[in-house]
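Structure first, commentary second.
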Protein chains: 2
Amino acid sequence: MKKNSPPAKPRKPLSRERISKAALEIIDEQGMDALTMRRLGKVLNVEAMALYHHFANKGEVLDAVLDRLVDEVELPPRGSQPPLERLRHFARSHRQMALRHPHAFILVPTRRFNTEHSFDLYEQVLQAFSDLGFDAALSARYFRTIGYLASGAGLADIASHARQPDATPVRLETFDDTRYPLIKAVAPHLQKGNLDAVFEFGLDIIFNRMRDDAKALQEKKGKEKR
Amino acid sequence: MKKNSPPAKPRKPLSRERISKAALEIIDEQGMDALTMRRLGKVLNVEAMALYHHFANKGEVLDAVLDRLVDEVELPPRGSQPPLERLRHFARSHRQMALRHPHAFILVPTRRFNTEHSFDLYEQVLQAFSDLGFDAALSARYFRTIGYLASGAGLADIASHARQPDATPVRLETFDDTRYPLIKAVAPHLQKGNLDAVFEFGLDIIFNRMRDDAKALQEKKGKEKR
DNA sequence: ACCTGAACACCGTTCAAGT
DNA sequence: ACCTGAACACCGTTCAAGT
């Protein structure tokens with residue numbers, strides 16, 4: 001005979017996977033500040049303190065969330081496309097991830113990329129630069145420049161169309177047209193629908209230059225052979 | 001005869017200025033999380049609740065801190081240098097500000113730039129683009145691209161040499177040399193002393209292209225005149 | 001007009017205890 | 001091994017009260 005137990009909650013055991021997934025969902029739906037250990041516990045049908053059995057502290061939970069974000073960034077496999085196009089896809093994918101996770105994305109440029117997971121991606125990206133004929137110094141510079149652009153664009157795009165708690169916005173419309181004529185002229189070009197184009201504009205500047213550099217290096221190498 | 005009062009604290013009256021200054025100092029010295037209304041009050045010799053007479057909430061305090069940061073970004077006055085060099089100075093100054101305020105800088109790309117103060121700077125920067133002969137669409141794109149680079153670089157530089165609470169870093173040194181050969185080759189080029197050069201590398205790519213665009217526009221204008 | 005003091009509804013994290 | 005429950009030292013913010 002069955003014991004008179006409370007309605008069986010068929011509780012799956014906790015795991016780092018389940019916890020970080022729930023954490024990302026909370027951040028996506030309710031923002032970074034909404035992620036508290038107590039709320040995270042509630043979502044998982046568990047006391048907050050149970051989480052400490054899987055993560056030493058909240059910081060570790062955030063690192064696990066960061067890992068999930070990194071996991072969404074795609075670099076097409078080697079050989080499937082020219083290296084330059086693989087890298088372009090990588091940059092776009094990075095920004096797309098930012099747009100999918102506007103509240104969580106801040107973790108990417110602020111917390112260090114120090115998981116094995118992100119090292120794996122990092123190494124592959126550097127391989128693509130190497131395939132272009134770039135040495136370590138040049139790879140480092142282009143890698144960072146593209147990263148700067150992608151993070152900066154991600155953050156700015158988010159900031160420009162995400163409501164912020166407790167903000168004290170000064171609305172552009174409150175000024176008469178003579179006050180900030182140039183800002184008013186520029187504003188329509190920076191609306192949500194145009195930000196893709198703005199990002200592509202920046203990307204093209206960098207990639208055109210990369211193309212030229214790669215070409216110059218190949219020609220140099222060709223000459224050396226002869 | 002004097003009353004037997006406690007040792008007179010010659011307390012200056014509170015003001016938004018004094019409060020935001022103290023807030024920035026706390027963030028600079030102890031990090032973003034250390035800024036609490038209670039601590040801010042203590043530094044100012046006042047109960048935390050007194051602050052609410054000057055700011056509606058903590059968010060407004062942060063906006064005031066942001067305003068102080070914006071105030072440190074320099075755009076040389078019109079006519080003092082060619083527009084392109086004024087803008088280059090602006091971009092460098094933006095990054096320098098990030099390095100001076102590693103803990104506070106995050107406010108810049110995440111909170112909206114919606115104070116009158118920042119609008120004034122914004123308008124002047126756009127004037128510099130206009131002086132180059134750029135229309136609103138092109139100004140918008142270059143302005144953003146430079147901003148992406150400067151914010152991205154600021155954040156990345158900070159992240160790479162700021163200790164983070166509760167991080168779980170995977171140290172590169174723990175792997176044998178065959179595991180991440182390219183990362184290991186690139187790492188020395190991304191150390192603290194080399195990040196200035198990396199930023200200048202990215203800046204040059206963009207500014208060279210801007211120079212070419214400005215020249216092309218001037219030639220076109222010259223032809224139209226004839 | 002400006003500040004205080006107590007209170008409310010939260011936090012992250014600790015610790016000893018339960019199964 | 002895994003989770004609970006109470007407790008500690010904090011938060012931001014409200015409210016009524018003091019001067």
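Order of the sequence lines fixes the chain letters, A, B, ..., with proteins taken first and strands second; residue numbering starts at 1 for each chain.
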In a table with atom names and distances, give each donor-acceptor pair under 3.5 Å that connects a side chain of residues 48-56 of chain A to protein atoms at least two apart or in another chain.
none

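Salt bridge absent: A:Asp196 and A:Arg92 never bring a charged side-chain N and a carboxylate O closer than 4.0 Å.
Taking only side-chain nitrogens and oxygens, A:His53 never comes nearer than 4.0 Å to OP1 or OP2 of D:dT4. A sub-4.0 Å separation between OP1 or OP2 of D:dC3 and a side-chain N or O of A:His54 is present.
Pairs of Watson-Crick or G-U wobble type, with distances under 3.5 Å, assemble into runs of 3 or more in DNA chain C at these ranges: C:4-8 with D:12-16, C:12-16 with D:4-8.
Separation of the A:Tyr148 and B:Tyr148 ring centroids does not fall under the 6.0 Å cut-off. Taking the six-membered ring for Trp and the full ring otherwise, the centers of A:Phe143 and A:Tyr122 sit less than 6.0 Å from each other.
Between B:Ala56 and A:Ala50, it is A:Ala50 whose nearest contact on DNA chain D lies nearer the 5' terminus.
In this structure, A:Lys42 atom NZ and D:dC3 atom P are separated by 18 Å, rounded to whole Å. C:dC3 atom C1' lies 16 Å from atom CZ of B:Phe55, rounded to whole Å. Between A:Leu62 atom CG and C:dG12 atom C1' the separation is 12 Å, expressed in whole Å. The interatomic distance linking B:Leu40 (CG) with D:dG12 (P) rounds to 9 Å, in whole Å. To the nearest angstrom, P of D:dC3 lies 9 Å from CG of A:Leu51.
The ring-ring contact (aromatic ring centres under 6.0 Å, His included) check on A:Phe129 picks up nothing, with sequence neighbours excluded. Residues forming a side-chain hydrogen bond (donor to acceptor under 3.5 Å, both in side chains) with B:Ser20 (at least two apart in sequence, or on another chain): B:Arg68. For B:Phe207, the ring-ring contact (aromatic ring centres under 6.0 Å, His included) criterion is met by no residue, not counting sequence neighbours.
Taking CE from A:Met37 and CG from A:Leu35, the interatomic distance works out to 8.0 Å, rounded to the nearest 0.5 Å.
With D:dG12, D:dT4, C:dT13 as the candidates, the nucleotide lying closest to the side chain of A:Tyr52 is C:dT13.
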Footprint string (nucleotides 5-11 of chain C, 5' to 3'): B base within contact, S backbone only, - free, heavy atoms under 4.0 Å: BBB---B
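Residues B:Leu66 and B:Thr115 are not in side-chain contact: their nearest non-hydrogen atoms beyond the backbone lie 4.5 Å or more apart.
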